[in-house]
Amino acid sequence: MAKYICEMCGYIYDPENGDPGSGVEAGTSFEDIPDDWACPICGVGKDQFKKMD
């Protein structure tokens, strides 16, 4: 599963870790995160994230 980076603050969403503080379990792909999820650091939406190569 790919990692995604927040273009605003540089936070990296790693599916291996998920985002437990927001209720996203480890092993959750970025595509499967709810659409209303926001970056835990700066609060922007999923549309501000870019897939990392």
Side-chain angles (χ1 to χ4, degrees):
M1 286 185 279
K3 295 179 184 179
Y4 282 75
I5 187 166
C6 177
E7 295 186 297
M8 296 307 223
C9 72
Y11 170 79
I12 296 173
Y13 176 77
D14 184 344
E16 287 188 19
N17 301 325
D19 181 16
S22 297
V24 179
E25 294 184 19
T28 303
S29 70
F30 188 78
E31 295 80 8
D32 290 337
I33 297 173
D35 289 335
D36 62 352
W37 177 83
C39 176
I41 304 300
C42 69
V44 298
K46 285 177 67 177
D47 61 333
Q48 296 296 311
F49 279 72
K50 183 173 107 177
K51 187 175 185 176
M52 296 178 72
D53 293 327

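Just so it is clear, the values below take in all heavy atoms, side chains as well, and ignore hydrogens, waters and symmetry mates.
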- Query: Counting heavy atoms not belonging to D47, are there more than 12 under 6.0 Å from its CG?
  - Reply: yes
- With sequence neighbours excluded, residues passing side-chain contact (heavy atoms from CB on, under 4.5 Å) with E7: K50
- A2 versus K51, closest heavy-atom pair with distance: CB-CE, 3.4 Å
- Task: For residues V24 and Y13, report the shortest heavy-atom separation together with the two atoms involved.
- Result: CG1-OH, 3.5 Å
- Item | Distance-minimising heavy-atom pair for G18 and P20 | C-CD, 3.7 Å
- Message: Could you report the tightest heavy-atom contact between G43 and A38, atom names first, then the distance?
- Response: O-CB, 3.5 Å
- Message: Using side-chain heavy atoms (C-beta onward) and a distance below 4.5 Å, is W37 in contact with S22?
- Response: yes
- Query: Partners of E31 by side-chain contact (heavy atoms from CB on, under 4.5 Å), sequence neighbours excluded?
  - Reply: Y4, S29
- Note on the structure: Note: I12 and M52 closest approach over all heavy atoms is CG2-SD, 3.8 Å
- Message: With side-chain contact (heavy atoms from CB on, under 4.5 Å) as the criterion, how do V44 and Y11 come out once you've worked through the C-alpha distance, each side chain's angles and the decisive distance to 0.1 Å?
- Response: CA-CA 11 Å; V44 298; Y11 170 79; over 6 Å; no
- May I ask you to check if K46 and F30 form a cation-pi contact, with NZ or CZ under 6.0 angstrom from the six-membered ring centre and within 45° of the axis? yes
- Query: Hey, does K3 have a side-chain heavy atom less than 4.5 Å from the side chain of P15?
  - Reply: yes
